[in-house]
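Shown next, in structure tokens, is the structure this report addresses.
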Amino acid sequence: MDSILVKGGGALSGQIPIAGAKNACLTLMPATLLSEEPLTLINAPRLSDIRTMTQLLQSLGAEVTSLQGGQVLAMSSHDIHNRMAHYDIVRKMRASILVLGPLLARFGEAVVSLPGGCAIGARPVDLHLKALEAMGATLDLRDGYVHATAKNGLKGGQVAFDFASVGATENALMAATLAKGTTVLKNAAREPEIVDLARCLRAMGARIEGEGTSVMTIEGVDRLGGATHTVVTDRIELGTYMLAPAICGGEVELLGGRIALLEAFCEKLDAAGVSVRETEKGLVVARKNGDIRAVDVTTAPFPGFPTDLQAQMMALLCTAAGTSHLEEKIFENRFMHAPELMRMGANIDVHGGTATVKGVKKLRGAPVMATDLRASVSLILAGLAAEGETRVSRVYHLDRGYEHVVAKLSGVGANIERITEQ
Ligand code: UD1
């Protein structure tokens with residue numbers, strides 16, 4: 001199994017290109033199921049999660065062709081012969097549930113495996129199911145699968161989400177584009193990836209208003225056409241690499257970055273003593289002067305501080321002057337990186353949903369284990385700041401969400417390599 005070896009060292013300088021958003025691509029890809037005409041995505045990230053979604057779509061009968069080294073995905077769903085998403089694929093990736101809404105909306109039936117548990121929390125899909133029921137779907141949960149039908153097609157409905165779930169909003173939005181009549185989604189998620197999905201669907205002929213706000217109105221149409229769409233920048237990859245110069249010192253330009261994607265995160269960086277400047281090409285990030293200061297962080301749905309950057313922010317705060325509190329409000333078990341950071345000398349106390357981090361002068365390199373996608377990259381960031389050598393094992397988590405991580409970080413002067421074991 002591969003591992004990543006990081007040697008802590010000097011300041012970083014140079015540029016890092018930021019890829020298209022994984023989480024946008026994982027909902028844009030199932031959107032192909034809504035139409036028999038081709039959908040082409042430009043600026044797709046090269047990640048194992050994208051390959052998993054490709055397999056899932058292909059298992060349904062969709063054609064997915066990866067062009068330009070994987071940065072362009074040409075898809076066509078004119079011949080969907082299977083409406084069942086099998087457990088073997090769905091269990092690998094929770095986002096597989098996003099085929100449910102499109103299959104049901106276009107074909108009036110879908111069978112999708114329940115995603116099951118996941119390392120960072122229980123993560124049920126009740127909100128997805130309630131939304132589809134509000135549009136007239138009949139649901140039956142049997143043998144670990146959701147059997148969904150809408151004999152005469154979905155109907156527009158009123159959906160009020162108890163929680164602004166990203167995935168449930170995406171599933172409902174896609175389904176509503178082909179429902180008869182008007183659907184209103186209240187307390188909808190407002191993430192940039194949802195705005196991106198709405199833009200793509202509109203290019204395919206959907207009638208949508210209010211994306212980026214908590215109320216979206218969708219007027220169903222009879223059919224959707226094809227489109228070519230450019231995937232929005234990955235704000236989580238962006239935020240992750242913004243933390244590299246914050247932790248190591250130096251100055252790095254993140255190509256394609258915009259502050260609007262990460263305002264709450266940029267405010268916290270500012271309070272911690274990190275400057276962020278927007279340029280024509282992206283964002284330039286550097287430490288202001290002296291030490292990193294402690295800050296308190298609470299995760300929240302967009303536009304709040306993203307849960308997907310909590311682990312990486314913790315890596316920064318491990319060596320801040322003072323005590324920081326990180327409160328995790330989205331997932332109930334998302335501090336698995338804390339014990340690994342403590343192996344590197346961090347002083348962290350986790351109580352329920354809050355981690356108290358007392359800054360230490362220096363972290364020390366250690367062998368550590370990646371437990372999930374964002375946790376794994378936080379250990380790499382911590383390794384960049386630590387004295388000595390850090391070996392991060394189980395890097396397959398990293399491959400799900402970060403393309404070319406070694407090339408991107410070594411390109412700005414980090415001492416990092418991938419060790420491939422036979
Ligand atoms: C998406 C992102 C993930 C990110 C998360 C929150 C993708 C592929 N993944 O995940 O990286 O961390 O948003 O920003 O886009 N919940 C329910 N019932 C449901 C659905 C969700 O209780 O039916 C709960 C979840 O257990 C969790 C919270 O709501 O505690 C947030 O989940 P949600 O916003 O749905 O996240 P995902 O779409 O799974």
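Residue indices begin at 1 and follow the sequence shown. Counting starts at 1 for both ligands and their atoms, in listed order.
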As an exercise, identify every atom of ligand 1 less than 4.0 angstrom from a heavy atom of [X].
| X | value |
| --- | --- |
| Phe163 | 28 (C), 29 (O), 31 (C) |
| Gly167 | 35 (O), 38 (O) |
| Asp308 | 3 (C), 4 (C), 11 (O), 12 (O) |
| Val166 | 1 (C), 13 (O), 33 (P), 34 (O), 35 (O), 38 (O) |
| Thr307 | 6 (C), 12 (O), 14 (O) |
| Phe331 | 5 (C), 12 (O), 27 (C), 30 (O) |

Subject >> Greater than 12 external heavy atoms within 6.0 Å of Gln58's CD >> reply: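 Enclosed: over 12 neighbouring heavy atoms sit under 6.0 Å from CD of Gln58.
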
Mind checking the CZ-OG spacing from Arg418 to Ser410? Nearest 0.5 Å is all I need.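 Arg418 atom CZ to Ser410 atom OG measures 13.0 Å (nearest 0.5 Å).
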
CE/Met314 to OG/Ser378 distance, rounded to the nearest 0.5 angstrom?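 Rounded to the nearest 0.5 Å, the CE-OG separation comes to 8.0 Å.
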
Between [X] and ligand 1, which residue portion shows a heavy-atom distance shorter than 4.0 Å: side chain, backbone, both, or neither?
| X | result |
| --- | --- |
| Asp126 | both |
| Ile330 | both |
| Glu170 | neither |

Can you figure out which of Asn23, Val125, Leu26 has its heavy atom closest to atom 15 (O) of ligand 1?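 It is Asn23 whose heavy atom sits nearest to atom 15 (O) of ligand 1.
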
- Of Pro124, Ala168, Ala164, which has the heavy atom at the shortest distance from atom 21 (C) of ligand 1?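 The nearest heavy atom belongs to Pro124.
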
Is the closest side-chain donor-acceptor distance between Ser76 and Glu63 under 3.5 Å?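 The answer is no; no qualifying pair exists.
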
ask   = For Asp372 and His337, does a side-chain donor sit closer than 3.5 Å to a side-chain acceptor?
value =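 Judged by distance alone, the side chains do not pair up.
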
**OP:** Before signing off on this row, confirm whether Arg374 and ligand 1 have an N or O atom pair separated by under 3.5 Å.
**Re:**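 For ligand 1, there is no N or O atom that lies under 3.5 Å from one belonging to Arg374.
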
Note to self: Tell me whether Glu403 is salt-bridged to Lys22, with the criterion being a basic N under 4.0 Å from an acidic carboxylate O.
What the structure shows: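 So Glu403 does not pair with Lys22 through a salt bridge.
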
Practice task
Determine the sole option in Thr371, Thr307, Thr299 for which the side chain to side chain donor-acceptor pair (under 3.5 Å) test with Arg334 is passed.
Solution key: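 It is Thr307; the other options fail the test.
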
query = Should the pair Arg190 and Phe302 be classed as cation-pi, given the thresholds of under 6.0 Å to the six-membered ring centre and 45° from the axis?
reply =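 Checked: cation-pi criterion not met.
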
